[in-house]
Amino acid sequence: MIRLLSPQLGRLNVSSCRFASSSTSRLGRQKIIKWSRGKIVFGTIVGAGFIAYETNDNAHNLLRHLFLTSKRIGVVSLATIRCFHQYKKTLDATYETPEARSEALRACHQFCATVTLHALESNRGIFIKLGQHIGALTYLLPPEWTETMVPLQDQCPQSTMEEINYMFKQDLKTDIDEMFSEFDPNPIGVASLAQVHVARLRDTQERVAVKCQHPTLKEFVPLDVMLTQTVFNLMDIVFPDYPLVWLGDELQSSIFVELDFAKEATNAISTADYFHNYKKETALKIPKVISAHRRILVMEYVSGNRLDDVTYLDEHRISRAEVSSCLSHIFNNMIFTPNVGLHCDPHGGNLAIRSRSPSKSNPHNFEIILFDHGLYRYPNTQLRRDYAHFWLSLLDHDQEKMKYYAKRFAKIDDKQFPLFAAVITGRSIDTALNYDISKPRSDEEIKTMTKSLINGTFLVDLMSILAKIPAVVLLILKTNDLTRHLDECLQNPLGPERTFLIMTQYCAKTVYEEARERANIDFPRWSPMWFWKEFLAFCVYEKRKNQLLFYDFALWWKRKFI
């Protein structure tokens, strides 16, 4: 039976093989056809896209935007992954000694800071601004980060004249040549958000400074802000001990305000009007606004040298002590006076000084020029009062009152108070709580602060405080830090003592006005208790105010007779 069936089985096997072979070949041909069709479709899409890119402006702009958007996201994503991996690997590793861990962490800081720097330089735009923010956080971040970001202070991208002129046509419906008889194509200053050109108005021939926003910012600012916040949110998840979400939130809340030059003009005008009657104390000069639009600002041209150019000060016989005093009057007036705007970005590039002949309104032989009024805040009156009480308590070494008012305006707890006192004064914890902060910092104190930042939980605790306190307080701290740095750069021969006495006057005035307001609420006007409260408040205010007078008299006596 088997032999009889064998030929039939053989024929069946041969047929089956032929069928299988033909089926396989058909499947292969189908795959080849599908692959060929896929390549044809892909090639057609690419070809159509290329033709549209070259011939249609809308398609050109859309495809270009999609490409650049993908590139920006890719740069940020790659840098974030590399940094997260490096930190995770370093922090999770086991080390034989604390010194070995510190050395590995420093190397990790340097590697990640370099990676981040390259990403910021690649994307430019507000990423340059972010890098400048990071570089200014010397009291918070390791030196490997802050020092690596230093080049971003001077490496801001410059927009071309073609881009600037196109922006004029878009925003003002006019050419640069129609508006100005002269326009220097080389900017006198380039920042992360704008650049400034010197020009001459065609109508009046007045020399002006023209602040032009980088036109490319408009396209990518929303995306860049979103990317920045996403990175900080991821950091909060991966490294919960190092909260930096507040930095992303602050960038978002400030960047859109800074990009509106019309608001900057409003701030400049109101500040100039307010300080018009305070030139004797401040010697302040704010360039006059001529015209303002969202991306273009035309101002009076005012030139000067950097405020910390001590060689210029000495050559023109400008007293460093007087400059320091005027600087203190300017920013303490802004901080403690109700309803006055606070300039929150007083770094060296936004302040200048020029030699002038003394006048009746300004008895000094110089003017302090304040530029860039884009970032302003208006703290509420109660916050200013609590802040004034805090400083007076600090100068009186009254820790209970210091703690009470710090908790009120900064929203911190008892455990965070000592470190907060150190941050707000720029001194060590021991000095801030127990010693005279008006005295200059010693080398030993600086070494102690540096050691605390590198070792222990100082950095983690500091970040947790900054993540908790209100944003407006953060900006006040930033302003304090920047002005303190400028004062140190001036090498004031009197040291910081007179600067603190000036601040005491403004704090005392703020507290005095609060006491008078309270007396009017609690007691009938002209009643005996009302008179008593008014008298007590006046005596305390005069005592504080006259401290500066006695100091200046003692200083004059020492110079004159000793």
Side-chain angles (χ1 to χ4, degrees), residues 78-120 130-131 133-152 231-248 412-435 440-469 477 481 485:
L78 180 60
T80 302
I81 292 170
R82 292 181 71 189
C83 290
F84 277 21
H85 172 72
Q86 191 70 21
Y87 270 112
K88 199 71 176 171
K89 183 176 70 173
T90 304
L91 293 173
D92 291 346
T94 303
Y95 302 94
E96 294 181 357
T97 63
E99 291 75 17
R101 185 181 188 278
S102 297
E103 185 62 33
L105 196 55
R106 278 194 290 269
C108 179
H109 288 326
Q110 188 59 61
F111 173 83
C112 294
T114 304
V115 168
T116 302
L117 175 66
H118 293 158
L120 299 179
L130 175 62
H133 273 303
I134 293 172
L137 297 176
T138 52
Y139 55 90
L140 172 61
L141 297 178
E144 290 82 10
W145 275 95
T146 56
E147 291 172 8
T148 300
M149 297 300 156
V150 167
L152 295 179
V231 171
F232 286 130
N233 288 332
L234 288 173
M235 282 186 64
D236 195 43
I237 296 171
V238 180
F239 306 108
D241 290 336
Y242 297 88
L244 279 174
V245 175
W246 60 269
L247 186 57
I412 61 171
D413 55 37
D414 290 343
K415 184 179 178 181
Q416 294 170 325
F417 165 70
L419 182 55
F420 178 76
V423 171
I424 204 169
T425 58
R427 309 300 294 264
S428 68
I429 293 176
D430 187 44
T431 302
L433 296 180
N434 302 307
Y435 295 99
R441 290 186 298 181
S442 65
D443 292 338
E444 185 62 32
E445 183 183 355
I446 294 173
K447 288 179 182 177
T448 301
M449 294 172 67
T450 304
K451 186 177 180 181
S452 298
L453 183 62
I454 295 174
N455 302 319
T457 62
F458 183 92
L459 185 59
V460 176
D461 295 339
L462 183 54
M463 285 188 173
S464 67
I465 290 177
L466 295 177
K468 188 175 181 180
I469 63 180
L477 295 181
D481 196 51
H485 175 69

Might you point out which heavy atoms bring [X] and [Y] nearest each other, and give the distance in Å?
{"X": "Leu105", "Y": "Tyr87", "value": "CD1-CE2, 4.5 Å"}
{"X": "Cys83", "Y": "Thr116", "value": "SG-OG1, 3.7 Å"}
{"X": "Leu117", "Y": "Thr148", "value": "CD2-O, 3.6 Å"}
{"X": "Leu120", "Y": "Gly131", "value": "CD1-CA, 3.6 Å"}

(message) Just so I know, are the side chains of Val115 and Gln86 near enough to count as touching, which here means a heavy-atom distance under 4.5 Å?
(response)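 Heavy-atom side-chain distance check fails, nothing below 4.5 Å.
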
(request) Kindly indicate whether the side chain of Glu103, heavy atoms from C-beta on, has any atom under 4.5 Å from the side chain of Tyr95. (result)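 Result no, sub-4.5 Å side-chain heavy-atom pair not found.
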
(message) Under the rule for ring-ring contact (aromatic ring centres under 6.0 Å, His included), what residues qualify as partners of Phe84, not counting sequence neighbours?
(response)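 Per chain and number, Phe84 pairs via ring-ring contact (aromatic ring centres under 6.0 Å, His included) with Phe239.
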
(request) Could you tell me the separation between the CG atom of Leu130 and the CE atom of Met149, rounded to the nearest 0.5 Å? (result)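 If we round to the nearest 0.5 Å, Leu130:CG and Met149:CE are 8.0 Å apart.
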
(request) With rounding to the nearest 0.5 Å, note down the distance linking CZ in Arg101 to SG in Cys108. (result)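 Between Arg101 CZ and Cys108 SG, I get 10.0 Å after rounding to 0.5 Å.
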
(message) Quick one: does any side-chain atom of Gln416 pair with a main-chain N or O of Asp413 as donor and acceptor, under 3.5 Å?
(response)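 Checking the backbone N and O of Asp413 against the side chain of Gln416, a donor-acceptor pair under 3.5 Å is found.
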
